[in-house]
Amino acid sequence: MTRGETPLAGPVQHRRHFLFVIPSEVEEPLAVTMADDRKTLEQRAQMTDIERLRHSAAHVLATAILKIWPEAQFAAGPPVENGFYYDLELDHRISPEDFEKIEAEMKKETKANHVFERVVLPRDEALSMAQRGVLGALGERPSPSKFKLDIIQNIPEGEEISLYRNGEFTDLCAGPHVMRTGNVGAFKLTHVASAYYKGDEKNPQLQRIYGTAFKNKTQLDEYFAMLEEAKKRDHRKLGKELELFTFDDDVGPGLPLWLPRGAAIIEELEKLAKETEFAAGYQRVRTTNLARESLYLKSGHLPYYKESMFPPMIVRKGEEFRTYFENWEKEQNRLHEDTASIFLPDIKDPEVRAKIGGMSTDEMNRWIEQRIAGMGQEAVNEFNRMAVDNFIPTLMMGQVAPVEDRYYLKAMNCPHHHKLFAALPRSYRDLPLRLAEYGTCHRYEQSGELFGLMRVRSLQMNDAHIYCTPEQFETEFNAVNEMYLKYFKLFGIEKYLMRFSTHDPAKLGQKFVDEPELWKQTEEMTRNVLKNSGINFVEVPNEAAFYGPKIDVQAWSAIGREFSIATNQVDFAQPRRFNLVYKDRDNTEKTPLCIHRAPLGTHERFIGFLIEHYAGNFPLWLAPEQVRILPIGDEAPLLDYARAIQNELRAHQVRAELDASSDHIKAKIANAEQMKVHTMLVLGNRDLEASAVSVRIHGKGNVGARPRAEVIADLLLSIKERKA
RNA sequence: GCCGAAGUAGCUCAGCUGGUAGAGCAGCUGAUUCGUAAUCAGCAGGUCACGGGUUCGAGUCCCGUCUUCGGCUCCA
């Protein structure tokens with residue numbers, strides 16, 4: 001798989017967070033997916049105006065680069081979400097310092113206002129042009145346009161081949177383009193990155209020059225102003241400024257440490273989830289962070305998911321003894337055969353191993369003597385000679401470190417929860433059984449994938465597994481979706497999308513578990529639930545998990561960053577792997593369905609999302625510091641009054657601080673505003689005399705003085721109701 | 001993991017082609033007693049990410065490591 005993404009059921013996903021994952025039996029070949037996904041000419045023609053403009057800007061960029069470096073080899077130059085890029089091969093490493101020079105050439109090209117001319121031509125002619133190096137070039141060149149050549153060779157027979165010209169520049173291109181280069185009104189190169197040709201690391205590595213383009217300068221400026229604004233909301237920046245979390249090299253990459261202010265947000269989310277789930281009939285459970293290898297063998301996560309798990313902890317020195325064992329096994333002599341014939345079956349027999357495991361050294365020696373009693377004297381001598389450094393450690397392997405005894409940090413909670421299901425005899429009366437846990441999971445994300453709080457190696461999910469009968473499924477699934485919607489409403493998440501991934505009946509038994517009826521049934525029910533609930537969703541065929549249909553929940557933060565908050569999945573395979581059963585009405589044992597769900601995803605990602613969503617201006621109930629009391633001056637009676645108010649608030653679990661510094665009131669306010677404290681209570685002698693407090697709300701300013709009791713009551717109500 | 005860039009005080013950053021490490025904010029101390037976004041002064045704060053190398057001399061040049069950031073098919 002590319003980029004070491006775990007081979008999961010379903011396609012490789014970039015910057016996606018997997019709630020939990022079960023490997024497919026058959027890894028999906030990537031190449032097939034690519035072939036399937038090739039865009040048709042018709043699809044290509046469907047470009048929006050801005051995409052068309054940006055695609056043309058990519059041609060202008062190529063033109064400019066060729067003016068400076070005529071030998072550059074171009075690959076693909078599409079429009080992308082916020083601009084365009086062009087991939088090229090060039091010995092000179094283009095750096096941002098080159099941008100000015102390139103942009104100047106681009107400017108010349110747009111000033112010249114060349115027409116974009118489309119030419120349709122036969123395949124052999126296109127091939128010949130590529131051979132002569134004229135595609136993606138300003139004219140004939142000594143070496144062929146190799147990427148263009150490759151692209152032409154991959155164009156299906158019968159599909160029209162076209163090229164576009166602007167001035168001296170000719171490029172293989174399906175189009176479409178704007179009329180003239182002058183239509184590319186305003187542009188700017190933004191960054192340079194690297195990319196493999198066709199995204200395959202076996203292919204040459206190319207330089208990717210990114211830029212953006214707009215109709216005019218005003219729109220371009222607006223775009224960059226928006227980017228500036230977005231930067232201010234970046235959760236990494238705000239996380240530091242607001243003292244929410246930190247990373248430390250000694251702790252390790254991707255392992256966030258939550259400062260008190262950040263932990264306060266976590267506490268609130270936990271409280272929210274616990275209340276909501278309790279009301280919805282969930283039960284809390286707690287499971288360990290570690291488990292034996294055998295658990296993950298049973299769940300099927302090993303070896304498929306191994307790459308994404310931290311390497312195992314091996315109890316005692318199993319590896320070392322195994323090496324002895326391997327060396328010993330390699331010995332090709334009579335001794336080997338004799339001893340092997342006696343001891344190999346012993347070593348491989350778990351019962352014998354367990355027996356040896358309980359022996360003291362003396363007992364073991366006696367046992368060995370008994371086992372070799374039938375051998376000739378010569379063999380016994382030889383055996384004794386090598387027993388000390390070879391054979392006994394080999395046996396001890398069975399005693400101290402069997403191969404199975406490895407422990408892994410858990411990467412998902414489901415196997416543990418399945419064990420809890422299995423811990424008690426279950427009847428249909430126990431279902432649905434909803435087990436919830438804020439469990440800490442560890443995943444070995446690739447170093448290049450780590451990204452602030454969005455992609456970490458230590459994470460806590462607001463996880464739960466619902467075990468139910470097929471009859472209960474629809475109600476349960478609907479309830480889960482209701483919960484999602486409730487949360488969206490609470491957090492004011494307006495832009496979201498649920499991607500409903502279904503199976504392809506043609507791939508049953510390969511990509512998808514061979515349960516045609518269950519697939520049909522659960523997909524139908526899921527579809528109904530989605531339709532009836534008015535949820536914004538799209539159906540994505542052929543992208544289901546191996547074991548059942550799933551829903552990915554995507555949301556967009558205020559700065560347009562996409563978040564895959566959670567996946568919500570149906571699973572009818574894992575309960576079977578774990579032999580989970582309940583006794584049904586008819587006294588037969590049946591396997592439950594399992595729904596995996598985590599509406600808030602992980603603390604880490606969700607808080608990252610919230611930081612950007614609120615730009616750090618959290619609503620009162622979530623604010624790390626809900627109230628700060630700011631006395632005007634530091635006279636004793638005033639400070640006593642301030643402390644009394646703080647104590648009263650704290651008694652009601654309100655996160656209230658007191659600024660008793662010698663700063664002037666203006667400075668105290670500035671400090672509190674900077675830390676985005678939600679409510680500031682300004683106290684002067686006027687307030688003291690009137691038993692009042694002056695309320696100032698972050699972002700709103702002074703809202704006036706009111707009686708102390710009234711203000712406190714309002715604060716408590718607002719927190720209790722989680723008002724926006 | 002791969003490619004590229006970056007790492008200087010708690011934070012934000014300056015430090016030119018190698019020549020004794022700097023500012024603002026935060027911190028500490030003192031003064032200031034101020035009614036809604038920054039009162040004044042003084043002090044302290046650094047193994048220039050880490051480890052090697054070149055050099056009379058390295059924050060600066062070279063190599064390696066770590067971390068962070070931007071990317072790694074939204075596809076002629």
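Labels below follow one simple rule: chain letters A, B, ... track the order of the sequence lines, proteins then strands, and each chain is numbered from 1.
Atom C1' of B:U17 sits at a distance of 24 Å from the matching atom of B:A23, rounded to the whole Å. Spacing between B:C43 and B:A6 at atom C1', rounded to whole Å, works out to 33 Å. Straight-line distance between the P atoms of B:U12 and B:C69: roughly 13 Å, to the nearest whole Å. Taking atom C1' in both B:U32 and B:C48, the straight-line distance is 38 Å, to the nearest Å. Of the C1' atoms belonging to B:G15 and B:G52, the separation is 25 Å, rounded to the nearest Å. Here, B:A26 and B:G71 have their C1' atoms 35 Å apart, quoted to the whole Å. A gap of 14 Å separates the C1' atoms of B:U65 and B:G7, to the nearest Å. Nucleotides B:G27 and B:G46 place their C1' atoms 15 Å apart, quoted to the nearest Å.
The aromatic rings of A:His191 and A:Tyr210 lie parallel to each other, their planes meeting at an angle below 30°, with 60° marking the opposite boundary. In this pair, A:Phe310 and A:His442 present their aromatic rings perpendicular. The plane angle is above 60°, beyond the 30 to 60° band.
One N or O on the side chain of A:Arg233 and one on the backbone of A:Glu612 form a donor-acceptor pair closer than 3.5 Å. Counting only distance, with no hydrogens or angles, the side chain of A:Lys215 and the backbone of A:Asn183 share no donor-acceptor pair below 3.5 Å.
As rounded to whole Å, 12 Å separates atom P of B:G35 from atom CG of A:Asp687. Put simply, NE2 on A:His191 is 13 Å from C1' on B:C3, counting in whole angstrom units. Here the P atom of nucleotide B:C3 and the OH atom of A:Tyr197 are 21 Å apart, to the nearest Å. Put simply, CG on A:Leu206 is 13 Å from C1' on B:G71, counting in whole angstrom units. Rounded to an integer number of Å, the gap from CG of A:Asp663 to P of B:G35 is 15 Å. If you take CD of A:Glu243 and C1' of B:G27, they are 13 Å apart, rounded to a whole angstrom. A:Glu673 places its CD atom 20 Å from the P atom of B:C25, with the value rounded to the nearest Å. Rounding to whole angstrom units, CE of residue A:Met675 and C1' of B:A26 are separated by 11 Å.
Within the 4.0 Å cut-off from OP1 or OP2 of B:C69, at least one side-chain nitrogen or oxygen of A:Arg236 is found. Regarding contacts with the backbone of B:G4, every side-chain N or O of A:Tyr196 stays at 4.0 angstrom or more from both OP1 and OP2.
Stems are defined here as 3 or more consecutive Watson-Crick or G-U wobble pairs with pairing distances under 3.5 Å; those involving RNA chain B are B:1-7 with B:66-72, B:10-13 with B:22-25, B:27-31 with B:39-43, B:49-53 with B:61-65.
Positionally, the nearest nucleotide of RNA chain B for A:Gly254 lies more toward the 5' end than for the other of A:Gly254 and A:Ala75. Comparing A:Lys240 and A:Asn671 by the nucleotide of RNA chain B whose heavy atom lies nearest to each, the residue mapping closer to the 5' end is A:Lys240.
Pairing each heavy atom of A:Tyr641 with each of A:Asp687, the nearest pair is OH-O, 4.0 Å. Closest of all the heavy-atom pairs between A:Ile565 and A:Ala555 is CD1-CB, 3.7 Å.
In this structure, of B:U33, B:C69, B:U36, it is B:U33 that holds the atom nearest to the side chain of A:Glu635. For A:Ile665, counting side-chain heavy atoms from C-beta on, the closest listed nucleotide (B:U73, B:U67, B:G35) is B:G35. When distances run from any side-chain atom of A:His698 to the nucleotides B:A37, B:G70, B:U68, the shortest one goes to B:A37. Side chain of A:Ile632, nearest nucleotide from B:G70, B:G35, B:A37: B:G35. The listed nucleotides are B:A37, B:G71, B:C75; the one nearest the side chain of A:Arg696 is B:A37.
Here CD of A:Gln646 is found 11.0 Å from CZ of A:Arg628. Values are rounded to the nearest 0.5 Å.
Counting non-hydrogen atoms under 4.0 angstrom, A:Gly699 reaches nothing in the nucleic acid. Using a 4.0 Å heavy-atom distance criterion, A:Asp249 is classed as a sugar-phosphate-only contact. If you check every strand for non-hydrogen atoms under 4.0 Å, A:Phe147 touches nothing. Within the 4.0 angstrom heavy-atom criterion, base atoms lie near A:Asn685. In this structure, A:Arg208 reaches the sugar-phosphate backbone alone: every heavy-atom distance under 4.0 Å involves primed, P, OP1 or OP2 atoms, never a base. Note on A:Glu160: a base of the nucleic acid sits closer than 4.0 angstrom, heavy atoms only.
Screening A:His177, A:Arg180, A:Glu109, A:Glu117 for a side chain to side chain donor-acceptor pair (under 3.5 Å) involving A:Asn166 leaves a single residue, A:Glu109.
Inspection of the A:Asp552 and A:Ser564 side chains reveals no N or O donor paired with an N or O acceptor under 3.5 Å. Between the side chains of A:Glu673 and A:His698, at least one donor N or O sits under 3.5 Å from an acceptor N or O.
Counting distance only, with no hydrogens placed and no angle test, the side-chain atoms of A:Asn702 and the base atoms of B:G35 include no donor-acceptor pair under 3.5 Å. A:His664 contributes a side-chain N or O that forms a donor-acceptor pair with the base of B:U32 under 3.5 Å.
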